[in-house]
Number of protein chains: 2
Amino acid sequence: MYRIGELAKLCEVKADTLRFYEKHGLLAPSSRSDSGYRLYSESDAERLRFILRAKAVGFTLAEITELLSIELDKSNWACADVKGLVDSKLAQVNEKISELNHFQVSLQRLSDACCGGPESAEHCSILEALESNTDNIKCENHAHHHDKSQYTKNCQNKG
Amino acid sequence: MYRIGELAKLCEVKADTLRFYEKHGLLAPSSRSDSGYRLYSESDAERLRFILRAKAVGFTLAEITELLSIELDKSNWACADVKGLVDSKLAQVNEKISELNHFQVSLQRLSDACCGGPESAEHCSILEALESNTDNIKCENHAHHHDKSQYTKNCQNKG
DNA sequence: CTTGACCTTGGATTTAACTCCAAGGTTTAT
DNA sequence: ATAAACCTTGGAGTTAAATCCAAGGTCAAG
């Protein structure tokens with residue numbers, strides 16, 4: 001049997017996290033010592049590892065709660081149910097990735113348009129893009145600068 | 001001049017959001033009516049659009065606050081400063097994408113290993129993977145099932 | 001017998017960006 | 001003049017997953 005700090009160290013989480021999981025019904029110690037200390041069995045530890053593996057593939061604690069309830073009553077669930085949870089998570093993840101890819105492309109375009117040099121930001125392409133429109137970015141042309149080529153090598157503009 | 005509801009509708013945000021932005025120093029109306037109504041100028045509207053564009057490329061409100069302070073004092077900032085913000089955001093976004101790609105791959109592997117059929121989850125590959133280890137997933141072999149091929153077509157296992 | 005490490009509980013705080021609410025004042029249209 | 005639609009303020013609630021705190025009990029070592 002592990003005390004809370006032992007299990008925490010073993011699984012690289014904080015004791016507070018284990019208490020949090022208990023409060024939220026994910027993992028309760030199977031017993032208590034005479035003085036009230038939580039005592040976790042090896043099977044409690046397995047359950048914790050299940051939780052952590054599910055977290056590691058992106059499930060929220062609410063979703064893990066569902067998975068755990070299936071896990072404890074497997075015979076009354078079908079593969080379709082389990083796969084459904086995974087596929088639904090997969091869809092969420094793909095959607096989030098897609099949003100972030102959108103950000104990524106936009107930010108990269110902004111970054112590429114800016115010389116990133118010591119010039120005043122008065123004509124900064126990034127600020128100008130945010131002032132008017134994120135699409136259709138114009139590259140900088142620091143006319144007062146003596147070495148124009150130095151800081152504009154990233155820009156994809158034509159003309 | 002726009003009243004709060006007008007500007008909100010114009011920019012497709014809620015009036016509450018505008019009050020929230022004001023409370024957090026992002027956007028204050030340039031005046032008030034005699035009765036205390038907020039009155040936003042065209043330039044306030046432009047500032048709001050700046051905020052919304054920055055949000056659309058992934059910046060947080062805290063980061064947008066920084067961008068706005070640069071925007072209002074451009075000549076005392078360099079392109080390098082602005083590009084620095086963008087590149088730092090880019091790095092964060094890339095990191096998050098990378099984490100989500102990790103989730104994506106793991107979930108896809110789990111999904112592929114599971115037949116997703118009406119069979120009992122007692123031998124579900126997904127649950128088994130979460131019980132032991134996310135890597136090295138074993139596909140299902142529902143020995144009691146009469147049509148083995150029907151639900152195992154997704155599995156990549158060898159042997 | 002006391003120090004230090006560990007444990008208990010309940011509850012508060014954190015982060016981000018809103019969103020909602022109540023109680024009341026203003027404007028506009030009929 | 002009255003109802004509908006709009007506005008004001010201050011403050012509370014939401015979500016997720018912890019994380020931290022205070023006040024106090026327990027246990028092993030020296």
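So that the names make sense, note that chain A is the first sequence line, chain B the second, and so on, each numbered from 1. Side chains included, hydrogens not; waters and symmetry mates left out as well; all remaining heavy atoms used. Every value quoted in this text rests on a predicted model; they were computed, and no experiment measured them.
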Atom pair distance, as rounded to whole Å: [atom1] in [X] and [atom2] in [N]:
X: A/I64; N: D/dA18; atom1: CD1; atom2: C1'; answer: 13 Å
X: A/F20; N: D/dA16; atom1: CZ; atom2: P; answer: 10 Å
X: B/E22; N: D/dG10; atom1: CD; atom2: P; answer: 11 Å
X: A/R19; N: D/dT19; atom1: CZ; atom2: C1'; answer: 11 Å
X: A/L18; N: D/dA18; atom1: CG; atom2: P; answer: 10 Å
X: B/K96; N: C/dA16; atom1: NZ; atom2: P; answer: 13 Å
X: A/L7; N: C/dC6; atom1: CG; atom2: P; answer: 15 Å
X: B/E12; N: C/dC18; atom1: CD; atom2: C1'; answer: 17 Å

- Message: When you measure from the side-chain N and O atoms of A/K14 to the phosphate of D/dC20, is any distance below 4.0 Å, counting only OP1 and OP2?
- Response: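 Looking at the OP1 and OP2 atoms of D/dC20, one of them is under 4.0 Å from a side-chain N or O of A/K14.
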- Message: Whether B/K23 contacts D/dT8 is assessed here as follows: a side-chain N or O lying under 4.0 Å from the phosphate OP1 or OP2. Is that the case?
- Response: no
- Query: When you measure from the side chain of A/T60, which nucleotide among D/dT19, C/dC18, D/dA17 comes out closest?
  - Reply: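 Nearest to the side-chain atoms of A/T60, counting from C-beta on, is D/dA17.
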- Message: Side chain of A/D16, heavy atoms from C-beta onward: which of D/dA17, C/dC18, D/dC20 has the nearest atom to it?
- Response: D/dC20
Please give me the minimum heavy-atom distance between [X] and [Y], naming the atom from each residue.
X: B/R38; Y: B/P29; value: CG-CG, 3.6 Å
X: B/L110; Y: B/I126; value: O-CG1, 3.4 Å
X: A/S120; Y: B/S75; value: OG-CA, 3.8 Å

- With heavy atoms under 4.0 Å as the rule, sort B/K9 into base, sugar-phosphate or nothing.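 No contact.
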- Message: Categorize A/R3 for me: base, sugar-phosphate, or nothing, with a 4.0 angstrom heavy-atom threshold over every strand shown.
- Response: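 Contact class for A/R3: sugar-phosphate only.
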- Does A/E66 come within less than 4.0 Å of A/K89, counting only side-chain N to carboxylate O? no
Pair [X], [Y]: side-chain N/O donor-acceptor within cut-off below 3.5 Å:
X: B/S98; Y: B/N101; answer: no
X: A/E42; Y: A/Y2; answer: yes
X: A/E63; Y: A/T60; answer: yes

- Query: Heavy-atom contacts under 4.0 Å between residues 86-94 of chain B and DNA chain D, which residues?
  - Reply: none
- Specify the residues of residues 24-45 of chain B, ordered by number, for which at least one heavy atom lies under 4.0 angstrom from an atom of DNA chain C. B/S35, B/Y37
- Query: Given the rule in the salt bridge (Lys or Arg N to Asp or Glu O under 4.0 Å) test, do B/E99 and B/K96 qualify, once you have shown the distances and angles that lead to the verdict?
  - Reply: CA-CA 5 Å; B/E99 184 193 5; B/K96 191 75 189 164; 3.3 Å; yes
- Checking A/R47, A/R49, A/K74, A/R53 against B/E131 for salt bridge (charged side-chain N to carboxylate O under 4.0 Å, His left out), the one that qualifies is A/K74
- Does a sphere of radius 6.0 Å around CD in A/E95 hold more than 12 heavy atoms from other residues, nucleotides or ligands, not counting ones at 6.0 Å or beyond? no
- Message: Return whichever of A/I4 or B/A62 has its heavy-atom-nearest nucleotide of DNA chain C closer to the 5' end.
- Response: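 This one resolves to A/I4.
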